[in-house]
Amino acid sequence: MFAAAFNAGTPEIVYEDGAVFVRPDGVSVTGADVHRANAELLALGLPITVRPRRVEVADDIALLIVDWTIEGDGVHLEGTATDVACRGEDGHWRYVIDNPFGVRAAPNR
């Protein structure tokens, strides 16, 4: 679902209110800063490809380990995301924690 939303230019629809995004420098951000962090990647104008490695679900909470790439026009970005999602009352899954660089992000400061 994230890849479809990202590639359509609307990744914000897959975030729960109050979601946390971990930037590559290890700093956790919320609110409008989550959308700004995604906007930097969207500005590349390249699609994201995701390959779920592991999905563990407990009721309405899920742990996602996802390999992703953004590639084209001489750009190559990749990572293994460690994410937590929750299923809303509408049945849709949304990120509560989005850590796109997983353990490659700098330690939290």
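For clarity, every value in this text was computed on a predicted model and none was experimentally measured. Numbering of residues begins at 1 and proceeds along the displayed sequence.
In this structure, L64 CG and I97 CD1 are separated by 11.0 Å, a value rounded to the nearest 0.5 Å. Once rounded to the nearest 0.5 Å, the distance linking CZ of F6 with CE of M1 reads 15.5 Å.
Among all heavy-atom pairs drawn from V34 and A19, the shortest one is CG2-O, 3.7 Å. Minimum heavy-atom separation, G18 to T30: O-CG2, 4.2 Å. Summarising the geometry of G9 relative to P11, their closest heavy-atom pair is C-CD, 3.4 Å, with the distance given to 0.1 Å. Summarising the geometry of V20 relative to S28, their closest heavy-atom pair is CG1-CB, 3.7 Å, with the distance given to 0.1 Å. Across every non-hydrogen atom of P100 and F21, the tightest pair is CG-CZ, 3.5 Å. Across all their heavy atoms, G72 and L46 have their closest contact at O-CD1, 3.3 Å.
Considering T82, V57, V55 as possible partners of L63, the one that fulfils the side chain to side chain contact (heavy atoms under 4.5 Å, CB included) test is T82.
Under the 4.5 Å side-chain criterion, counting only non-hydrogen atoms from C-beta, Y15 is in contact with D98. Between L44 and L77 the shortest side-chain heavy-atom distance falls below 4.5 Å.
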Requested in this report: Give the C-alpha distance, both sets of side-chain angles, the deciding distance and a yes or no for side-chain contact (heavy atoms from CB on, under 4.5 Å) between Y95 and V84.
Outcome: CA-CA 6 Å; Y95 287 125; V84 176; over 6 Å; no
Query raised in the report: Stepwise, does the side-chain contact (heavy atoms from CB on, under 4.5 Å) test hold for T10 with E12?
Result: CA-CA 5 Å; T10 57; E12 64 278 358; 3.8 Å; yes
Query raised in the report: Going through the checks in order, is the side-chain contact (heavy atoms from CB on, under 4.5 Å) test met by F2 and W93?
Result: CA-CA 10 Å; F2 178 81; W93 289 92; over 6 Å; no
Requested in this report: Could you walk me through whether T69 and R51 pass side-chain contact (heavy atoms from CB on, under 4.5 Å), step by step?
Outcome: CA-CA 9 Å; T69 56; R51 291 170 309 287; 3.9 Å; yes
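Here salt bridge (Lys or Arg N to Asp or Glu O under 4.0 Å) pairs that include residues 59-75, with residues two or more places apart or in two chains, are R53-D67, D60-R87.
One finds a salt bridge joining D90 and R94 here, because a Lys/Arg side-chain nitrogen approaches an Asp/Glu carboxylate oxygen to under 4.0 Å.
With hydrogens and angles ignored, the 3.5 Å screen pairs a side-chain donor or acceptor of D83 with a backbone N or O of N99.
The salt bridge (Lys or Arg N to Asp or Glu O under 4.0 Å) search around E56 returns R54, not counting sequence neighbours. Residues passing the side-chain contact (heavy atoms from CB on, under 4.5 Å) test with V50 are A3, I48, V66, W68, sequence neighbours excluded.
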